[in-house]
Amino acid sequence: MELTRIPHPAPTPDADRVAAIADPGFGTLFTDHMITVDYDEGKGWHSATLGPRQPIPLDPAASVLHYAQEIFEGMKAYKLGNGTMALFRPEANAARFNKSAARLAMPDFPEDVFVDAVKELVLADKDWFPSVEGGSLYIRPFMFATEAFLGVRPAKQYKFVVILSPAGNYFKSGAPAVSVWVSDYTRAAPGGTGEAKCGGNYAASLVPTGEAFAKGHDQTVFLDAAERKWIEELGGMNLFFVFDDGRMITPPLRGTILPGITRDSIMQLAREQGLDVSEEMYSIDQWRADAESGKLVETMACGTAAVVTAVGKVASHDGEFTIGSGGPGQLTSTIREKLVGIQRGTVEDRHSWVMRIE
Ligand SMILES: Cc1ncc(COP(=O)(O)O)c(C=O)c1O
């Protein structure tokens, strides 16, 4: 797809940019450019543009504002040791984007164009790469319905957009263990949109997450909606349970869990390390019993934002329990180092997961 380039009339002055990327935080700082591609039924995707990041005019009747036809992805550009920027499994994000699109009755977006668009934008804004240790460029591709129409049916017009947000190290002083709250709310029902990365899922998670924060916890654990028994995932991360006999399990993808790319990568790395990894249902009662008996030695949470984090404490209306020593366990640290090492080019990339952007 041909990309039209519109020069930025007033890019951020160098001194301001340099100051901003020295302490970027997360999610509030944005680079100068964005990519947009439009879709019209009958015409397909067209008008791919790399131009200044700016507000997007939207008709008040645009279907996204009424029926939430919106999907997104979350990925990062890292810097390898030699300063080359690289993406981690971007084709997996492109494939998941299209699965989300299919569930939300939205058009397929060509996966090669998705990856090319991300690469082009990262290159255009390469000077925005954070100067802080452990920094990355967070990449947010998204698609939403633009057609002005109030009937409830799939829209006939969409916009695909990519923006970038320089991000600091998620945990400024190493990776601590997080404390999680088991929510009474559910995130996704069987047959619903749990496995799609659509904005609506996150809107529905805000109240439970707010409740977890108010109680002093870092994240929310969601149980299954049918039996309120089986552990599914955190608000924005997948889970792994590690046992003292070398077994490791993660909840199966039953349509209600986001199929994390970090989750998939960890399954492969742990198997190569000789662990017996399986996708198995695991109940909240068993989690408590195994933590209390010492059979469960670690619980890992994983996702693009924080890569791998230990869960140290679990709290619910039934009280609290601690996992292992309450801090990061051995396997969590090993897996984290391996994955971060692959992403940063210090550990051999045997799976060809890293795509250089040059
Ligand atoms: C609900 C949810 N689960 C899991 C994940 C982890 O997915 P990934 O490893 O692809 O970042 C995310 C983050 O994107 C998420 O939002």
Side-chain angles (χ1 to χ4, degrees), residues 26-27 70-78 87-100 103-104 111 114-115 118 136-143 162 165 167 170 175 178 180-183 185-189 192-209 212 218-225 230-241 250-270 277 279 299-309 311 332 335-336 338-340 342-343 351 353-355:
F26 185 84
E70 190 270 355
I71 58 165
F72 65 98
E73 269 303 322
M75 51 206 287
K76 282 176 173 174
Y78 302 92
L87 302 171
F88 184 73
R89 306 186 67 184
E91 65 296 329
N93 292 96
R96 186 170 68 185
F97 193 68
N98 275 338
K99 281 203 174 133
S100 300
R103 180 63 184 85
L104 275 282
E111 293 178 18
F114 179 104
V115 175
V118 165
S136 57
L137 269 182
Y138 183 80
I139 305 164
R140 172 52 58 88
F142 59 106
M143 187 210 292
V162 190
S165 178
Y170 199 79
V178 296
V180 295
W181 168 254
V182 183
S183 185
Y185 291 95
T186 57
R187 176 184 174 275
T193 57
E195 68 184 343
K197 205 161 168 63
C198 59
N201 287 344
Y202 296 81
S205 76
L206 298 177
V207 166
T209 303
D218 305 295
Q219 282 263 348
T220 313
V221 183
F222 288 106
L223 302 180
D224 79 290
W230 306 106
I231 302 161
E232 300 222 299
E233 62 178 323
L234 301 185
M237 300 175 104
N238 294 116
L239 286 168
F240 281 94
F241 305 93
T250 189
L253 304 174
R254 296 191 299 159
T256 49
I257 295 178
L258 192 81
I261 293 157
T262 320
R263 173 187 180 277
D264 183 73
S265 309
I266 288 176
M267 284 205 286
Q268 297 190 47
L269 294 178
V277 185
E279 297 178 75
T299 299
M300 275 186 239
C302 66
T304 297
V307 193
V308 181
T309 308
V311 176
T332 304
I335 292 273
R336 181 185 166 77
K338 198 174 269 185
L339 201 48
V340 170
I342 295 171
Q343 289 167 341
H351 302 269
W353 282 339
V354 173
M355 183 184 283

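When a ligand or atom number is given, it counts from 1 through the structure's own listing order. Keep in mind it's a predicted model, so treat the numbers as computed, not measured. For the numbers below, each heavy atom of this structure counts, side chains included, while hydrogens, waters and symmetry mates do not.
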Considering only non-hydrogen protein atoms, determine which one is nearest to [atom] and report residue, atom name and distance to 0.1 Å.
| atom | result |
| --- | --- |
| atom 16 (O) of ligand 1 | Tyr202 OH, 2.5 Å |
| atom 14 (O) of ligand 1 | Lys197 NZ, 2.8 Å |
| atom 2 (C) of ligand 1 | Glu233 OE1, 3.4 Å |
| atom 11 (O) of ligand 1 | Thr304 OG1, 2.6 Å |
| atom 7 (O) of ligand 1 | Gly260 CA, 3.4 Å |
| atom 9 (O) of ligand 1 | Thr262 OG1, 2.5 Å |

*Counting heavy atoms only, which of Gly235, Ala188, Pro259 comes nearest to atom 1 (C) of ligand 1?*
Gly235
_From the candidates Gly74, Ala301, Gly236, the one that places a heavy atom nearest atom 13 (C) of ligand 1_ = Gly236
*Once you round to the nearest 0.5 Å, how far does SG of Cys302 lie from CG of Leu339?*
8.5 Å
*Can you measure from NZ (Lys197) to CD (Glu73) and round to the nearest 0.5 angstrom?*
6.0 Å
*Between Glu233 and Arg187, is the closest basic N to carboxylate O distance under 4.0 Å?*
yes
_N/O donor-acceptor pair under 3.5 Å between Asn238 side chain and Leu258 backbone_ = yes
*Contact between Arg187 and ligand 1, counting heavy atoms under 4.0 Å?*
yes
*Quick one: sort the Phe97 and Phe114 rings into parallel, tilted or perpendicular, breaks at 30° and 60°.*
tilted
*Taking heavy atoms and a distance under 4.0 Å, where does Arg96 meet ligand 1: side chain, backbone, both or neither?*
side chain
